[in-house]
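For reference, the structure discussed in these notes is given below.
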Amino acid sequence: PNTGPHANTGSHTNTDSESDSDLPATGTNLLANGSFEAGLAGWQTRGGTATAGEAFAGTRAAQLDATASADARVEQVVTGLRPRTLYTFALRIRTTGSQPSDVWASWGATNGPQLDKTGSAQSPLYAEQRLTFTTGENATSVNIWAQAGRNDPAGRVWVDDLRVVEGNFQHRRRTSVNQPSLNPLHW
């Protein structure tokens, strides 16, 4: 696999919640209050946002309520980044449905990467999503956001366990004690 400094600078969505859901993140999380245990402290909000007990981990998650005419979003500016450096943004999302007409969760890293990166998904159970980005030539900050896109019928998205770390997370596969270990993929 390509593991150079510009490897995997495109967005990647990992919806395999079974393989990664219980594995801890590596590296120092550069987001403040990515678990929402302190409510919405540290986050800018738009639309119907609150914290609720529908958490992946801990006791709280951000609850984003989209309507037919308005998105709901949480956003945080991460500062102190190094220019021309690879970072990974990971989060857990859950949506009220999985039909194409149901609400979608979307997330992104904008205003700082060489190229803005975004992803979107639906999942009735919490699923980890990831994307990588490389900061621009002189960029030392980035906007990190998650949202429930406007939708008719209205819908709800929960986000929890948001993390931004320098470098890549290692993608690890679970193996049973009786199964030989497979070569892990590196994202």
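- Qualifying side-chain hydrogen bond (donor to acceptor under 3.5 Å, both in side chains) partners for T59, counting only residues two or more places apart in sequence or in other chains: E37.
- Residues A139 and G112 share a closest heavy-atom pair of CB-O, 3.1 Å.
- Residues satisfying the side-chain hydrogen bond (donor to acceptor under 3.5 Å, both in side chains) test with Q63, not counting sequence neighbours, are D65.
- At distances below 3.5 Å, not a single donor-acceptor pair connects side-chain atoms of T140 with backbone N or O atoms of R82.
- Here the side chains of P113 and L115 are not in contact, with every heavy-atom distance at 4.5 Å or above.
- Nearest heavy atoms, S123 versus I93: CB-CD1, 4.1 Å.
- Residues meeting the side chain to side chain contact (heavy atoms under 4.5 Å, CB included) test with N111, sequence neighbours left out: N143.
- Applying the salt bridge (charged side-chain N to carboxylate O under 4.0 Å, His left out) definition to pairs two or more places apart or across chains, none involves residues 99-111.
- Here the straight-line distance linking atom OG1 of T134 with atom CG of L81 works out to 11.5 Å at 0.5 Å rounding.
- Under the rule for a side chain to side chain contact (heavy atoms under 4.5 Å, CB included), the partners of A61 that lie at least two apart in sequence or sit in another chain are A55, Y126, D160.
- In this structure, W107 and V159 have side chains that are not in contact, with every pair of non-hydrogen atoms separated by 4.5 Å or more.
- Side chain of Q129 to backbone of A90: no donor-acceptor contact under 3.5 angstrom is found.
- Not counting sequence neighbours, the partners of D161 by the salt bridge (Lys or Arg N to Asp or Glu O under 4.0 Å) test are R92, R163.
- W104 and L131 fall into different hydrophobic clusters, where Ile, Leu, Val, Met, Phe, Trp and Tyr are joined by side-chain heavy atoms under 4.5 Å apart, directly or via other members.
- The heavy-atom pair separating V157 from A105 by the smallest distance is CG1-CB, 3.6 Å.
- For T132 (side chain) and T88 (main-chain N/O), no donor-acceptor pair under 3.5 Å exists by modelled atom type.
- Residue pairs satisfying the salt bridge (charged side-chain N to carboxylate O under 4.0 Å, His left out) criterion with at least one member in residues 40-50, sequence neighbours excluded, are listed as follows: R46-D71.
- In terms of heavy-atom proximity, T51 sits nearest to R60 at OG1-NH2, 3.2 Å.
- Partners of T79 by side chain to side chain contact (heavy atoms under 4.5 Å, CB included), not counting sequence neighbours, listed by chain and number: V77, S141.
- With sequence neighbours left out, the side chain to side chain contact (heavy atoms under 4.5 Å, CB included) criterion links N33 to S35, A38, A41, W43.
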Residue pair V165, F89: steps toward the side chain to side chain contact (heavy atoms under 4.5 Å, CB included) verdict:
CA-CA 7 Å; V165 298; F89 171 33; over 6 Å; no

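- Remark: R94 engages E54 in a salt bridge (Lys or Arg N to Asp or Glu O under 4.0 Å) (not counting sequence neighbours).
- Of the possible polar contacts, one joining the T135 side chain to the R84 backbone as a donor-acceptor pair under 3.5 Å is found.
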Criterion side chain to side chain contact (heavy atoms under 4.5 Å, CB included) on F133 and L86, from CA distance to verdict
CA-CA 6 Å; F133 62 91; L86 179 71; over 6 Å; no

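- For residues 104-116, no residue pair satisfies the salt bridge (charged side-chain N to carboxylate O under 4.0 Å, His left out) rule, not counting sequence neighbours.
- To the nearest 0.5 Å, the span separating CH2 on W158 from OG1 on T96 amounts to 6.5 Å.
- Scanning both residues, V142 and T110, for their nearest heavy atoms gives CG2-O, 3.3 Å.
- Qualifying ring pair (Phe, Tyr, Trp, His ring centres under 6.0 Å) partners for W145, counting only residues two or more places apart in sequence or in other chains: none.
- A donor-acceptor pair is defined here as one N or O able to donate and one able to accept, closer than 3.5 Å; such a pair exists between the side chain of Q122 and the backbone of V103.
- Heavy-atom minimum distance, P83 versus T85: O-OG1, 2.9 Å.
- A donor-acceptor pair under 3.5 Å links the side-chain atoms of N29 to the main chain of V164, judged by distance alone.
- Proximity of a side-chain donor or acceptor of Q147 to a complementary backbone N or O of V74 within less than 3.5 Å is not detected.
- A distance of 11.0 Å separates OH of Y87 from CD1 of I144, quoted to the nearest 0.5 Å.
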